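Every chain is numbered from 1 and lettered A, B, ... according to where its sequence line falls, protein lines coming before strand lines. What you are looking at is a predicted structure, and each value in this text was computed from that prediction instead of being measured.
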Amino acid sequence: MFEWLAPARSVADFLDAGGWVLWTVLFAGVLMWTLIVERWLWFLRAYPQARAHASTLWQQRPDRRDWASRRVRAAMIGRASQSMSATLPLIRTLIAACPMLGLLGTVTGMIEVFDVMALTGTGDAQAMAAGVSRATVPTMAGMIVGISGLLPMHRLNGRVRGESERFGELLEAGSGE
Amino acid sequence: MTGVMCRALTVLCLMGFCSALFAQAPDADFDALLQELRESAQDSATLNREREARFVEQKQQREALMREAEAKLASARKKAAAAKSRYDTQQAELLAARKKLDDGVGELGQVYSTLRSAAGELRQQAQGSLVSAQFPQGESLLGTLADGRRLPRLAQIEAFQLWFLRELRAQGEVDGFDAAVVATDGERSQQRVTRVGPFTAFTEAGYLVRGDDGALQLLPRQPAPGLHGLIDDFVEAPAGESTAILIDPTRGELLKIESEKPRLFERLGQGGAVGYLILTIGAVGLLLAMLQSAWLTRGAVRVQGQLARIEQPDAGNPLGRVMLAVDQADGDDPELLELKLSEAVVREAPRLERFQGLLRLFVAVAPLLGLLGTVTGMILTFQAITVFGTNDPKLMAGGISQALVTTVLGLVVAIPLLFLNSLLQTRSRAIVQILDEQSALALARRLDRRSGASDV
C-alpha cells in the first residue's frame with residue numbers, strides 16, 4: 001500500500017544513520033540551493049526590469065556628461081552590483097561551512113564510537129557501527145553539498161562581474177545617444 | 001747472656017729438690033697404698049657384674065615388647081585384608097546397582113540431561129530478567145534443577161513447565177506488582193513497579209534495572225528527560241488508552257549504558273582547559289557579534305529615517321553625518337568636494353565594520369585551538385598507554401574523548417561565528433553602499449542646484 005514511500009523511507013534511514021549533524025548539512029544544502037535558484041530567477045525576471053528602469057532614468061537626465069552625472073552613474077552601477085550580489089556572501093559562507101559541518105559530524109561520531117568503546121570494550125564491532133556511520137556519512141554529505149555549490153557559485157560570480165560591466169556599458173551607450 | 005744462664009741454673013736446682021723428695025718416702029705407706037688398690041679393684045668387679053645383670057634383664061624385656069608388637073601388626077594386617085575384600089565386594093555391588101539404575105532410567109536419561117541443560121540456560125536468562133523479579137521463586141527452582149545431582153521429581157518438572165508457561169505469558173504483558181526497590185541512596189523500600197514484558201520496569205521515580213544481587217535498582221542516572229516523560233504519560237493515561245513507552249530490547253543493558261553516558265556539562269568538562277578557552281572565545285565572539293548586529297540594526301533604521309527626510313541631515317546617524325560634511329564644505333570645486341565626501345565615508349566605515357576583523361580571527365583560531373586540544377588529548381592517551389599498556393581501552397578513552405571534544409568545540413564555535421561574521425559584513429556593506437550612493441546623489445544635486453542657480 002505504501003510502496004511508493006519506499007524511497008522516502010530509505011532517505012529517512014540515511015538521515016537517521018547520520019545523526020543530527022546530517023540534518024544540519026541537509027538544512028545548509030537546501031538553504032544554499034534555494035539561494036542559488038533565487039539568484040538565477042532574479043537574473044531571469046527581476047534584473048531585466050531593474051536594468052530597463054535604470055536605463056530610462058539615465059536617459060531622462062538632461063546632461064549626461066558633467067561630473068554630477070558621472071557620480072550618479074557610478075552610484076547606479078554600485079547599487080545594481082550590490083543588488084546582484086546580495087546573497088552571494090551567504091552562499092559563500094554556506095559553501096565554506098559545509099565541509100566544517102562534515103568534520104563536526106566526524107568528530108561527534110568518533111566520540112560516540114569511543115563512548116561505546118569505553119562502556120563495552122573493543123570487542124563489539126557491531127555496537128560501534130552506529131557511531132562509525134555517524135562519523136562518515138555527514139563528512140561525505142558535507143563534502144558533496146559544499147562541492148555542489150562551488151560551480152554555481154563560480155558561475156554566479158562571473159555573471160555578477162559580467163552584468164556589472166554590461167550595466168556600465170548600457171549607461172555609457174545611453175549617454176552616447 | 002746472663003738471663004739465659006740464670007734460667008738454666010733455676011731448672012737444675014728444681015730437679016735436685018724432687019729427687020730428694022722421692023728418696024725420703026717410707027715403706028709402710030707403700031703397703032697401705034697397695035692394699036687400697038686391691039680393694040678398689042674388687043669393688044669395681046662387683047659393680048661390673050651388677051651392670052651386666054641389669055643389661056641382660058633389659059634386653060629380655062625389649063624382646064618381649066617386640067614380640068607383642070609383631071603380633072599386633074599381624075592382626076592389623078589381617079583386619080586390613082578383610083576390609084579390602086569387603087570394599088571390593090561392595091564396590092562391585094555399587095557398580096551393579098548403578099548399572100541397574102542406568103538400565104532402569106533408560107531413555108529417560110536423555111530427558112533428564114536435556115531438562116538440566118535447559119534449566120541451566122534459563123537460569124542465566126532469569127537472573128537478569130525483569131519477569132523473574134516479579135516471581136523470584138522461579139530462580140530457586142531453576143537452581144535446584146540445574147545443579148541437582150539427584151534425579152528431578154515429577155512435581156519439580158511440572159513446576160518447571162508451569163514456570164516456563166508463565167514466563168512466556170509474562171513476556172507479552174504489561175503488569176504492575178509490588179517489589180523491593182533499591183533507591184539511589186541504597187535504601188530499600190516496597191514500591192509499586194510497572195513492568196513492560198521482559199524489557200523495561202519502572203516506578204514513578206524512574207526506570208529500574210536488576211542489579212548484580214538480583215534486586216531491582218533505580219538507575220542512578222535516568223535517561224534523557226523525554227524518556228522519563230513517557231513514564232508520566234503512562235501513569236496519567238486513562239485506562240484503555242494506548243500510550244508510547246520505552247522498550248529496551250537488550251533487557252536493561254542499553255539503559256545501563258545510556259545512564260553511564262556523560263551529560264553535556266561533563267562532556268564540556270572533558271575538554272579541559274583548552275575546551276574552556278574555546279568556549280570563552282565563542283562566548284566573547286557571540287556577544288560582540290550580537291552587540292554589533294544590534295548597533296548595525298539601529299544604524300540601518302536611522303539611515304532609512306534619514307533617507308525619508310533627505311533634506312534635513314541629522315548628526316545622529318552615519319548618512320546624516322556624511323551629508324553634513326558635504327553641506328559644510330566650502331567652494332564649488334567638484335574634485336575637492338569628492339575628496340571631502342570620500343573622507344566622510346571612510347570616517348564612518350571603521351565603526352560600521354567594527355569587530356569584523358576580530359570575529360574573522362576567532363573563526364580562524366577556534367578550530368586551531370581545537371586541534372591543540374586534540375594533540376594534548378593524544379599526549380594524555382599515549383601517557384596512559386605508557387603507564388598501563390594497551391590492554392584496557394577504557395583507560396585510553398579519557399584522553400581520546402578530550403582530543404575529540406575540543407575539536408568539536410572548536411568547530412561548534414567557528415561555524416556560527418562564520419555565519420555571524422558574514423551577516424555583519426553584509427549589513428555593514430549595505431549601509432556603506434547607501435552612504436556612497438546617497439552622498440554622491442546629494443553632491444550631484446548640490447552641484448545641479450548651483451549650476452541651475454548660476455543659470456538663473
Side-chain angles (χ1 to χ4, degrees), chain A residues 21 24 28 31 61-63 66-83 85-124 127-128 131 135 142, chain B residues 253 256-258 260-262 267 270 334-335 337-338 341 363 367 370 374 390 392-401 403-412 414-416 418-423 425-426 429-430 432-434 436-448 450-451:
Chain A
V21 180
T24 323
L31 183 64
R61 280 193 78 81
D63 185 1
D66 63 346
W67 181 88
S69 296
R70 282 210 305 281
R71 292 296 311 169
V72 169
R73 177 174 166 269
M76 283 168 85
I77 294 175
R79 190 190 293 173
S81 154
Q82 172 79 12
S83 60
S85 60
T87 58
L88 290 196
L90 185 55
I91 299 177
R92 206 171 296 135
T93 311
L94 281 169
I95 289 175
C98 273
M100 274 173 117
L101 277 173
L103 186 60
L104 181 66
T106 304
V107 186
T108 51
M110 293 308 288
I111 286 179
E112 237 166 85
V113 172
F114 284 112
D115 271 351
V116 170
M117 262 172 77
L119 295 173
T120 65
T122 46
D124 196 353
M128 287 189 255
Chain B
E253 285 303 312
K256 278 184 199 164
I257 289 177
E258 182 69 29
E260 281 179 32
K261 267 190 186 170
R267 202 55 108 190
Q270 283 178 346
E335 303 276 324
L337 278 174
E338 194 177 4
L341 185 66
V363 167
T374 304
T390 52
D392 192 355
K394 294 183 190 189
L395 288 172
M396 292 188 265
I400 291 176
S401 56
L404 296 173
V405 165
T406 51
T407 312
V408 169
L409 287 178
L411 289 170
V412 163
I415 295 173
L418 190 66
F419 277 101
L420 284 175
N421 191 38
S422 153
L423 182 78
Q425 226 171 344
T426 315
R429 203 175 287 164
V432 170
Q433 179 77 24
I434 291 177
D436 267 339
E437 265 171 32
Q438 290 302 322
S439 54
L441 281 177
L443 193 57
R445 263 198 296 276
R446 176 173 164 175
L447 289 173
D448 281 352
R450 291 234 172 138
S451 59

At a heavy-atom separation under 4.5 Å, does [X] approach chain A through its side chain, its backbone, both, or neither?
{"X": "B/Leu409", "answer": "neither"}
{"X": "B/Ala430", "answer": "both"}
{"X": "B/Ile400", "answer": "side chain"}
{"X": "B/Gln270", "answer": "neither"}

Could you grab the distance from atom [atom1] of [X] to atom [atom2] of [Y], nearest 0.5 Å is fine?
{"X": "A/Ser81", "Y": "B/Gln433", "atom1": "OG", "atom2": "CD", "answer": "7.0 Å"}
{"X": "A/Thr93", "Y": "B/Ile415", "atom1": "OG1", "atom2": "CD1", "answer": "12.0 Å"}
{"X": "A/Leu90", "Y": "B/Phe419", "atom1": "CG", "atom2": "CZ", "answer": "6.5 Å"}
{"X": "A/Met110", "Y": "B/Thr407", "atom1": "CE", "atom2": "OG1", "answer": "10.5 Å"}

Next item on the list: Give, as side chain, backbone, both or neither, the part of A/Leu101 having an atom under 4.5 angstrom from any heavy atom of chain B.
Entry: both
Margin query: Does any backbone or side-chain atom of A/Ala74 lie under 4.5 Å from a heavy atom of chain B? Answer side chain, backbone, both or neither.
Written below: neither
Item checked: Contact winner vs chain B - A/Met76, A/Arg92, A/Met100, heavy-atom pairs under 4.5 Å ->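 It is A/Met100.
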Next item on the list: For A/Arg79, look at atom CZ and say whether over 12 heavy atoms of other residues, nucleotides or ligands are found less than 6.0 Å away.
Entry: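 No, because the 6.0 Å sphere around CZ of A/Arg79 holds 12 heavy atoms or fewer from other groups.
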Margin query: Quick check: closest heavy atoms across B/Leu404 and A/Val107, and the distance to 0.1 Å?
Written below: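 Looking at all heavy atoms of both residues, the closest pair is O-CG1, 3.1 Å.
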